[in-house]
Structure formats: C-alpha cells, structure tokens
Amino acid sequence: HSFLDAGFTGPTALVSYAHGLTVQYPANHRVDVFFDETDSIQRVCVKELRGGWRVISFVDGPYEGLFKRLTEAVHEHLGQRDRIALEVWNRAKARALERFGGDRGALYRELASRGLSSSYGTVTTWFRDGPDEIIAPQQEEDFVLLAGVSGMYSGQDLMIATFRCIQKHRGRQRAEGRALRGLLRAMVSGDGYEEALDSARSIDATVADVLAAVDLLEVNAVQLVEASAH
C-alpha cells in the first residue's frame, strides 16, 4: 500500500505492521497513535513510530485522519445556527491572528494588555490543528477579548451566544472522546468491544458509525527511504 501522491519525490517511510501489512508514507506524514498505558492519543510523524505502537486507522478509508472524520460526523448533527456560529468563530480566530501577522506572541501581548487571564501556552492551543487544539478560550471573559480583537462581531451579545454554543459543542466532544478511548481500550484488551460501541451509540449514532470503522494497526518496524523519483 502506498500513501504517496503521483510524482512525490521526498523521503519516505516504509512502515510494516502486524499481520503482514506494509504502507509507504511521506516521511513527515502524521498519524494518530493510541498509547493504552496513558489512555492518550497523539499525532506522531511516521518516521518517529516505534515497534509495538498502535496506529489508529479506518477499515473503510485507511488514510483518513481520525479527528477530521469525527469532526465531520459531529458537524452533520449540528443545527444550522450552531454550524454557522462555529464556522464564523473559526474564521474570527484566524482573522485575529492575521491582524498580528500570524505572530501568536504579539496577539498574546495585545490580549494580555486588555486583561487576558490565560497564559501564552494556553493561547497557542487555540490555534493548533488536530487533537491538541482547544477550539476556544474556556473563560467567557477571555473569549470575549479574542472575539473583540477579531473585529468580526457586532456586539457582546453575539459573542456570548457564540461562546455558549461552543461550550455545548465541547460537552459533546468530551463525551465522544470518552467513547473513543473506551473503544480503543476494548480493542487492545480484546474485551468489551460491543459494550463500548453501544455506549458510543447512546451518544450519537453517526459518531458510533465512525468508531465502528476504527482499526488499530500495531507497528512492527519503520524503514526510512531517502528521496528518489517515483
């Protein structure tokens, strides 16, 4: 199996998994890895994979990203108003950062001067992609400050309505995260898989369908291959 675009010429990583599957990726491609000892999911460069690590894949789309797939499933069930509120918020975050030339430090200093309670480290998590992203400030006052800097909201009432929509969305994401980890633990232990899926189904049938397609691939070895023409 190959995960390379036609004409790709960069360095690649050949990952051999248990049960005889071998996949070739661009060396800097990132995959989601489940660590059952810490019950955590981390995005890792394929060239950094180690034997025994478990990569989260999909039986019906092995190269799709876990969090992209889950996010799409969640968005399917959002009402139109909530979907628009989240889309506008994502644009507002990007606009706020653009106003400081993409410099998170400069944005942080401006927000701090206006009374921000969050640390610089917390601010950077609002602009990450994937599992580490915190979609928005968790304190209403900090949310209003960031929304204000974006220049995209007509007044504070709209900002607070958006904040409440995001808090509701967050609660669902937490429940889905618990269901996902429960399922992955069951896959590792070989016990409780159906119960974990039933638990996910009680939260959201669409999310449960995504989880039912999850596969865990155990890494045997990784071989780096230097750049060559394909």
Side-chain angles (χ1 to χ4, degrees), residues 5 10 26 28-33 40-45 56 58 61 63-178 180 203-204 206-207 210:
D5 293 327
N28 290 321
H29 179 72
R30 293 164 78 80
V31 291
D32 300 303
V33 179
S40 65
I41 297 163
Q42 294 176 29
R43 276 187 86 65
V44 176
C45 246
I56 301 168
F58 288 98
Y63 307 125
E64 287 189 74
L66 171 68
F67 290 91
K68 179 175 182 288
R69 186 99 171 240
L70 278 174
T71 301
E72 285 168 357
V74 170
H75 275 245
E76 268 184 45
H77 280 264
L78 289 174
Q80 189 180 17
R81 185 184 295 179
D82 285 353
R83 194 176 295 148
I84 291 168
L86 285 167
E87 282 172 12
V88 171
W89 171 247
N90 280 325
R91 258 182 262 145
K93 273 202 303 187
R95 180 77 58 84
L97 195 56
E98 280 163 19
R99 293 181 76 175
F100 293 87
D103 183 341
R104 295 173 194 189
L107 172 60
Y108 168 72
R109 287 189 291 277
E110 173 61 28
L111 292 170
S113 75
R114 299 184 183 201
L116 185 80
S117 65
S118 297
S119 67
Y120 172 71
T122 299
V123 170
T124 64
T125 65
W126 303 338
F127 299 96
R128 283 184 195 153
D129 287 329
D132 298 330
E133 181 198 27
I134 308 297
I135 191 171
Q138 306 220 21
Q139 285 76 35
E140 187 177 291
E141 298 80 5
D142 286 356
F143 182 91
V144 167
L145 283 175
L146 183 55
V149 165
S150 78
M152 284 188 64
Y153 292 92
S154 56
Q156 191 158 324
D157 286 354
L158 185 57
M159 295 177 196
I160 289 170
T162 303
F163 178 75
R164 293 196 176 136
C165 162
I166 288 168
Q167 290 293 80
K168 185 172 71 176
H169 182 58
R170 234 185 214 129
R172 283 177 64 107
Q173 283 183 315
R174 276 196 291 269
E176 284 144 17
R178 284 194 295 273
L180 170 64
I203 300 166
D204 187 311
T206 314
V207 169
V210 172

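Position 1 is the first residue of the sequence, and the numbers go up from there.
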| said: Using the side chain to side chain donor-acceptor pair (under 3.5 Å) criterion, which residues pair with Arg172? Sequence neighbours excluded. | reply: Asp204
Residue pair [X] / [Y], side-chain heavy-atom distance below 4.5 Å:
{"X": "Ile166", "Y": "Phe143", "answer": "yes"}
{"X": "Leu107", "Y": "Arg99", "answer": "no"}
{"X": "Phe100", "Y": "Val149", "answer": "yes"}
{"X": "Val123", "Y": "Leu146", "answer": "no"}
{"X": "Arg164", "Y": "Glu140", "answer": "yes"}

Nearest heavy-atom pair of [X] and [Y]: which atoms, and what distance?
{"X": "Tyr108", "Y": "Tyr120", "result": "CE1-N, 3.5 Å"}
{"X": "Cys45", "Y": "Asn28", "result": "SG-O, 3.5 Å"}
{"X": "Ser117", "Y": "Asp142", "result": "OG-OD2, 2.8 Å"}
{"X": "Arg95", "Y": "Met152", "result": "NH1-CG, 3.8 Å"}
{"X": "Ser150", "Y": "Ala92", "result": "CB-O, 3.2 Å"}
{"X": "Arg104", "Y": "Leu97", "result": "CG-CD1, 3.7 Å"}

| task | Take atom CD of Gln156 as the centre, draw a 6.0 Å sphere, and report whether it contains more than 12 heavy atoms from other residues, nucleotides or ligands. | result |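 It does not: Gln156 CD has 12 such atoms or fewer within range.
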| query | Are side-chain N/O atoms of Ser119 and Thr122 paired as donor and acceptor at under 3.5 Å? | reply | yes
Can you check whether [Y]'s main-chain N or O pairs, donor with acceptor, with [X]'s side chain at less than 3.5 Å?
{"X": "Arg114", "Y": "Leu145", "value": "no"}
{"X": "Asp32", "Y": "Arg43", "value": "no"}
{"X": "Arg170", "Y": "Ala136", "value": "yes"}

If I take atom [atom1] from residue [X] and atom [atom2] from residue [Y], how far apart are they, to the nearest 0.5 angstrom?
{"X": "His169", "Y": "Asp82", "atom1": "NE2", "atom2": "CG", "result": "9.0 Å"}
{"X": "Tyr153", "Y": "Leu158", "atom1": "OH", "atom2": "CG", "result": "6.5 Å"}
{"X": "Thr162", "Y": "Leu86", "atom1": "OG1", "atom2": "CG", "result": "8.5 Å"}

| query | Please walk me through it: do Val31 and Val33 pass side chain to side chain contact (heavy atoms under 4.5 Å, CB included)? | reply | CA-CA 6 Å; Val31 291; Val33 179; 4.2 Å; yes
| query | Is the NZ or CZ atom of Arg69 positioned over Phe58's six-membered ring, under 6.0 angstrom from the centre and within 45° of the axis? | reply | yes
| Residue pair Ile135, Trp126: steps toward the side chain to side chain contact (heavy atoms under 4.5 Å, CB included) verdict | CA-CA 6 Å; Ile135 191 171; Trp126 303 338; over 6 Å; no
